[in-house]
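In what follows, a single structure is set out as structure tokens and then discussed.
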Amino acid sequence: MTLRFYGGPETLAEDLKAETERLESVFSVTRPDSDFARLNADGRIAPAPETRDLAEKALALARETDGALNIALYPLVKEWGFTTGQYQIPEPDRIRELLPLTDWHRITLSDSSLAIDPGMALDPGSLAKGYTADVLTARLKEAGVTCALLDLGGNIQAIGTRPDGTPWQVGIRDPEGEGHLGILSAADTAVVTSGGYERYFTGPDGQVYWHILDPLTGAPARSGLLSVTVVGPAGWRADGLSTALFVMGADKALTHWRETGGYELVLVTEDHEVIVTEGLADRFTLSEPDTYTLKVWKHD
Ligand code: ADP
Ligand code: MG
């Protein structure tokens, strides 16, 4: 995690670090005393305000994306070993057994309680970093900071511009290479990428298996996309949408963008196309034109 900002009180860096650690201790499924770990162990908790808020947002996105974003996938995420790094390809029978335990409609949220059915488990990893970036952004703004760039493990949040008034320059990772395939000019926005390249393993069959799962099959999502970058005002939404649109694939992502709006996209396809939506056309520069072809999507 890298937080770069200009101005603000002396203690601000320490405060932001402490706030990030506090949120991690509430959200992280692998910390035994976090809200989500206790929920997964006990089936019901009295959620912290942030947990309630995050769960509500996750459920809204699940409805909006027809379950492509599903924080109830955790039993399968664990089975594949993406939590521990002890990767394995589960037997088809095992996947069929676990799929009924991933129904997000079975999550019950009220003012004072968050509950799941026996056998279910939640993992907010697909939007918690974006949510955290939103909290840090609010803190920075309260402290009077007008120029900042936050990088929470690939989740970028640009606050204002660079101190000289020019936009921040954000590299979009090349999903198949080491460097970046393009540069985006960004000001006052979140830029969040989800990609297969972030966490994956190669099976004994030589196939690559990555950490974003298709809730319909319980297996890594293969939609023809290598990465999805969402550019939009709210970090949690950009984070959740980047995961969901990766599952949905280019055509459905385009439809969602046209019908919903409020954000822009950079999609990288297996066919080496880089598709950017209209609003980014003059803010995105392709740096690898020999490997990738740039295409612009319009609203109509
Ligand atoms: P990263 O954490 O690498 O930035 P994402 O934001 O895309 O990536 O979140 C992926 C994580 O979310 C996975 O590691 C897994 O824990 C969980 N996950 C996998 N598939 C889904 C899905 N379809 N919906 C919600 N969460 C998912
Ligand atoms: Mg995400």
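Note: hydrogens, waters and symmetry copies are ignored here, and every other heavy atom, side chains too, is used. In listed order, ligands and their atoms are each counted from 1.
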Checking a contact table here: which protein heavy atom is nearest [atom], and how many Å away?
| atom | result |
| --- | --- |
| atom 16 (O) of ligand 1 | D123 OD2, 2.6 Å |
| atom 5 (P) of ligand 1 | T243 OG1, 3.3 Å |
| atom 19 (C) of ligand 1 | H211 O, 3.1 Å |
| atom 6 (O) of ligand 1 | D239 OD1, 3.0 Å |
| atom 9 (O) of ligand 1 | S126 CA, 3.4 Å |
| atom 24 (N) of ligand 1 | N70 N, 2.9 Å |
| atom 20 (N) of ligand 1 | L213 N, 3.0 Å |

Would you give the angle at the Mg ion (ligand 2) between T243 atom OG1 and D239 atom OD1, to the nearest 10°?
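Angle OG1(T243)-the Mg ion (ligand 2)-OD1(D239): 180°, rounded to 10°.
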Would you say H272 has more than 12 foreign heavy atoms packed within less than 6.0 Å of its NE2?
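Result for NE2/H272: enclosed.
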Assess whether atom CZ of R258 is packed by more than 12 heavy atoms of other residues, nucleotides or ligands within 6.0 Å.
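Enclosed.
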Please report the interatomic distance OG1(T11) to NZ(K17), rounded to the nearest 0.5 Å.
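One gets 13.5 Å once the value is rounded to the nearest 0.5 Å.
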Between ligand 1 and A68, can you find any atom pair, the residue atom being a heavy atom, that is separated by under 4.0 Å?
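A68 counts as a contact of ligand 1 under the 4.0 Å cut-off.
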Judged on heavy-atom distance to atom 21 (C) of ligand 1, which of I71, T193, L73 sits nearest?
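Closest candidate by heavy-atom distance is L73.
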Does the distance from a Lys or Arg side-chain N to an Asp or Glu carboxylate O, for R22 and E50, drop under 4.0 Å?
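The answer is yes: the pair qualifies as a salt bridge.
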Regarding R4 and D151, does a basic nitrogen lie under 4.0 Å from an acidic carboxylate oxygen?
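Looking at R4 and D151, the cut-off is not met.
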Taking all non-hydrogen atoms of both residues into account, name the closest pair between S223 and M248 and its distance.
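Smallest interatomic distance, heavy atoms only, reads CB-C, 4.3 Å.
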Give the contacting part of E198 toward ligand 1: side chain, backbone, both or neither, where contact means a heavy-atom distance below 4.0 Å.
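Side chain only.
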Under-4.0 Å heavy-atom contact with ligand 1, by part of I212 that carries it
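The answer is both.
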Within 45° cone of W104 ring axis and under 6.0 Å: R63 NZ or CZ:
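Not satisfied by the 6.0 Å and 45° rule.
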Would you call the rings of F201 and Y87 parallel, tilted or perpendicular, taking 30° and 60° as the class edges?
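The rings of F201 and Y87 lie parallel, inter-plane angle below 30°.
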Is the W257 ring parallel, tilted or perpendicular to the H299 ring (thresholds 30°, 60°)?
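Parallel, since the angle between the ring planes stays under 30°.
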Any N/O of K129 closer than 3.5 Å to an N/O of ligand 1?
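K129 vs ligand 1: N/O contact under 3.5 Å present.
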